[in-house]
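Some notes on the structure that comes next.
Scope of the values below: all heavy atoms of this structure, side chains included, with no hydrogens, waters or symmetry mates.
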Amino acid sequence: LSTGGFDKVLEGIGSYFGLEALSAYHLSFIGVSQCEKGFIHADVNSSGRKAFNIIIPLLLEADADPELEIMSDDERITKFYKYRINAASMVGDDALHATAACDYRAQGGMRLAATVYVGDITTGNVE
């Protein structure tokens, strides 16, 4: 993350949201080759706009449909987001989303993303 300039990303997010000590606290990878229906969930809940999940696409299938479903708070409206290489997406408090349906198995494909959870970690909010 450091070599890729992620510290600049943290500085920008921190500055925009007025956060003091934004840090990356969890890194994971998500690979998807097939999904019939995604699980609707929120990665971060009620942090007071102080924690986020940043999704960084690393490998995408050519000509694939949008990969991320984003729901309205009441789950009545669904929009779809198309990942792009060199462009991360960020979800925060109570942002309902799911993996969009896909099937890359016929071409032996998959999509891969890194997910980086970041938060404003201070002595006042560590429990």
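A heavy-atom distance below 4.5 Å is found between the side chains of Cys102 and Val32. By the 4.5 Å heavy-atom criterion applied to side chains, Arg111 and Thr99 are counted as neighbours. A heavy-atom distance below 4.5 Å is found between the side chains of Ile85 and Leu60. Looking only at side-chain heavy atoms (C-beta outward), Phe6 and Val118 come within less than 4.5 Å of each other.
Between Ser2 and Asp7 the shortest heavy-atom distance is O-OD1, 4.4 Å. In this structure, Leu68 and Ala98 approach most closely via the heavy-atom pair CD1-O, 3.5 Å. When every heavy atom of Cys35 is checked against every heavy atom of Ala100, the shortest pair comes out as CB-O, 4.0 Å. A pairwise comparison of heavy atoms in Tyr81 and Pro66 identifies O-CB, 3.4 Å as the closest pair. Heavy atoms only, all atoms of each residue included: Pro57 and Ala87 are closest at CD-O, 3.5 Å. Residues Leu10 and Leu22 come closest through the heavy atom pair O-CD2, 3.5 Å.
Crowding of Glu20 atom CD: a count of heavy atoms from other residues, nucleotides or ligands under 6.0 Å not exceeding 12. Atom CD of Glu36 sits in a sparse spot, with 12 or fewer heavy atoms from other residues, nucleotides or ligands closer than 6.0 Å.
No side-chain donor-acceptor contact under 3.5 Å links Asp120 to the backbone of Lys50. No side-chain donor-acceptor contact under 3.5 Å links Asp43 to the backbone of Asn53. A side-chain donor-acceptor contact under 3.5 Å links Lys82 to the backbone of Ala64. Between the Glu61 side chain and the Met110 main chain, a donor and an acceptor come within less than 3.5 Å of each other.
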Between Ile70 and Phe80, is a side-chain contact (heavy atoms from CB on, under 4.5 Å) present by the stated rule, with each step listed? CA-CA 6 Å; Ile70 303 169; Phe80 292 88; over 6 Å; no
Given side-chain contact (heavy atoms from CB on, under 4.5 Å), test Asp93 with Asn45 step by step and report yes or no. CA-CA 5 Å; Asp93 283 341; Asn45 294 294; 6.0 Å; no
Take Asp73 and Asp94, measure what side-chain contact (heavy atoms from CB on, under 4.5 Å) needs, and give me the verdict at the end. CA-CA 8 Å; Asp73 290 343; Asp94 309 308; 5.6 Å; no
What verdict does the side-chain contact (heavy atoms from CB on, under 4.5 Å) test give for Thr115 and Phe29, after you've listed the backbone C-alpha separation in whole Å, the side-chain angles of each residue and the deciding distance to 0.1 Å? CA-CA 6 Å; Thr115 64; Phe29 294 92; over 6 Å; no
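Membership of the apolar cluster around Ile40 extends to Met71, Leu96, as traced through chained side-chain contacts below 4.5 Å between ILVMFWY residues.
Among residues at least two apart or in separate chains, ring pair (Phe, Tyr, Trp, His ring centres under 6.0 Å) pairs with a member in residues 41-65 are Phe17-Phe52, Phe39-His41, His41-His97.
Taking Tyr104 as the reference, nothing meets the ring-ring contact (aromatic ring centres under 6.0 Å, His included) condition, with sequence neighbours excluded.
Interatomic distance, CD1 of Ile56 versus CG of Leu112, reported as 11.0 Å (0.5 Å rounding). For the atom pair Arg84 CZ and Ser89 OG, the distance stands at 10.0 Å (nearest 0.5 Å).
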